[in-house]
Number of protein chains: 2
Amino acid sequence: MIGDRRINALDQILELVVLINDDMTRSLARDGLTVSRTHLLWELRRHGPMPQRDLAAALRVSARTVTGLVDGLEATGFVSRQPHPTDRRATLVTFTERGLRTVEAMEHGQREFADLLFAQMPAERLDCLTAGLGEILNRLRGLDPARQQPSEGDR
Amino acid sequence: MIGDRRINALDQILELVVLINDDMTRSLARDGLTVSRTHLLWELRRHGPMPQRDLAAALRVSARTVTGLVDGLEATGFVSRQPHPTDRRATLVTFTERGLRTVEAMEHGQREFADLLFAQMPAERLDCLTAGLGEILNRLRGLDPARQQPSEGDR
DNA sequence: CCACACCGTGAGTCATGCTCACTAGTTTGT
DNA sequence: ACAAACTAGTGAGCATGACTCACGGTGTGG
């Protein structure tokens with residue numbers, strides 16, 4: 001029955017989520033990072049130095065929370081606060097040397113991880129996997145942030 | 001280049017992890033549950049009433065943590081503590097009526113979720129997705145709990 | 001009977017995230 | 001040009017969740 005296959009696939013996905021999550025958390029902890037802090041770092045990586053308010057918007061958390069995250073990242077030397085060139089109220093969060101190196105190392109590590117994960121997987125299977133994941137992602141994106149009444153069960 | 005495809009696929013997986021995680025957390029919160037508490041519930045569902053020490057082993061957390069989780073689940077009426085029939089030191093954690101109903105509803109919701117996620121996906125793509133995920137899961141399982149020096153980067 | 005096992009509590013840590021109130025700067029509207 | 005209105009960041013305080021170690025009571029079993 002087709003339903004069983006779907007359940008099966010969903011189970012796989014749920015297990016994947018757990019495993020990746022754990023692995024991520026563990027690996028970040030080794031670097032003295034946490035998930036939220038890393039999200040911030042990635043935002044910075046994508047957009048360059050930015051004021052905290054923009055980070056708050058991008059990460060969808062309150063300004064106060066960003067202050068806390070930046071505090072932590074600053075304390076461990078990944079980012080530093082710089083004066084905003086034109087708005088003296090604002091603070092520009094920028095990478096330190098170390099922060100930049102760390103993020104680059106993470107990108108590199110990610111590449112290695114991808115290679116490890118998909119090693120010896122034939123190209124067509126990889127394509128098909130990508131296509132399938134793409135479909136699923138579209139559906140998931142559709143029911144994520146805005147709506148509130150629509151969805152129902154997940155795990 | 002093949003590496004790019006892999007990075008791509010990994011990015012998809014990472015996004016999937018985030019989306020599913022958020023969705024799960026939100027949906028569980030609606031039921032008055034958290035992820036850890038739900039893990040415990042699932043363990044109970046799989047193995048039936050069990051003493052806390054077994055839960056601790058199954059969930060790989062300390063006994064103290066289990067006490068806390070069970071406290072929470074008991075307070076919200078999902079489980080209850082029963083005396084162990086033969087070992088009077090031990091406590092059997094069992095579902096309440098409500099807990100059982102909730103877990104069954106979650107299973108049902110999961111089925112619906114799977115249908116939603118894979119709706120209109122041709123069978124062969126589903127198969128291929130499953131196969132690909134299976135491969136990845138095997139690799140991930142391999143580097144999860146025991147080893148400590150081996151892996152490297154993830155997100 | 002005594003070492004060990006099962007639970008529970010106390011106390012404390014860390015991460016995340018919220019609100020409220022406040023300061024210091026910036027804009028806007030006359 | 002200047003006050004009113006708003007914005008950026010943060011101090012203080014609170015809650016929740018997950019987890020730990022250390023300690024103690026009670027029961028088991030050799």
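Letters A, B, ... mirror the listed sequences (proteins, then strands); counts begin at 1. No hydrogens, no waters, no symmetry mates; every other heavy atom, side chains included, goes into these values. From a predicted model like this one, the values you see are computed outputs, not experimental measurements.
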Does the A/Thr91 side chain pair with the main chain of A/Pro83, one donor and one acceptor, at a distance under 3.5 Å?
no
Evaluate salt bridge (charged side-chain N to carboxylate O under 4.0 Å, His left out) for B/Arg101 paired with B/Glu104, printing each intermediate quantity in order.
CA-CA 5 Å; B/Arg101 266 188 285 116; B/Glu104 285 169 353; over 6 Å; no
Side-chain (B/Arg81) to main-chain (B/Val93) donor-acceptor, under 3.5 angstrom:
no
Enumerate the residues from residues 74-91 of chain A whose closest heavy atom to DNA chain D is under 4.0 Å, giving them by residue number; use none for an empty result.
A/Arg81, A/Arg89, A/Ala90, A/Thr91
Backbone N or O of B/Ala90 within a donor-acceptor pair of the B/Arg53 side chain at under 3.5 Å?
no
side-chain contact (heavy atoms from CB on, under 4.5 Å) partners for B/Asp127, two or more places apart:
A/Arg5
Output the rounded distance in Å from CG (B/Leu92) to P (C/dC6).
13 Å
Rounded at 0.5 Å granularity, tell me how far CG in B/Leu40 sits from CZ in B/Phe78.
12.0 Å
Given Watson-Crick or G-U pairs with both distances under 3.5 Å, what dot-bracket string fits DNA chain C, with | for other-strand pairs and [ ] for crossing?
||||||||||||||||||||||||||||||
Do any N or O atoms from the side chain of B/Arg141 and from the backbone of B/Ile136 form a donor-acceptor pair under 3.5 angstrom?
no
Between B/Arg111 and A/Arg6 (side chain of the first, backbone of the second, donor and acceptor by atom type, cut-off under 3.5 Å), is there such a pair?
no
Scan residues 31-42 of chain A for pairs that pass salt bridge (Lys or Arg N to Asp or Glu O under 4.0 Å), counting only residues two or more places apart or in two chains.
none
Write down the distance between CG (B/Asn21) and P (D/dG17), rounded to a whole number of angstrom.
16 Å
Can you give one letter per nucleotide of nucleotides 11-18 of chain C, 5' to 3': B if a protein heavy atom sits under 4.0 Å from the base, S if only from the sugar-phosphate, - if neither?
----SSSB
Hydrogens and angles aside, do A/Glu43 and A/His39 bring a side-chain donor and acceptor to less than 3.5 Å of each other?
no
Near DNA chain D, under 4.0 Å by heavy atom, which residues of residues 50-57 of chain B?
none
Using whole Å, what does the distance between atom P of nucleotide D/dT20 and atom CG of B/Leu59 come to?
11 Å
Look at the side chain of A/Thr102 and the backbone N and O of A/Arg98, then say whether any donor-acceptor pair between them is shorter than 3.5 Å.
yes
So, A/Thr130 side chain and B/Ala9 main chain: donor-acceptor pair closer than 3.5 Å or not?
no
Go through the side-chain N and O atoms of A/Thr94 and A/Ser80 and say whether any donor and acceptor fall under 3.5 Å apart.
yes
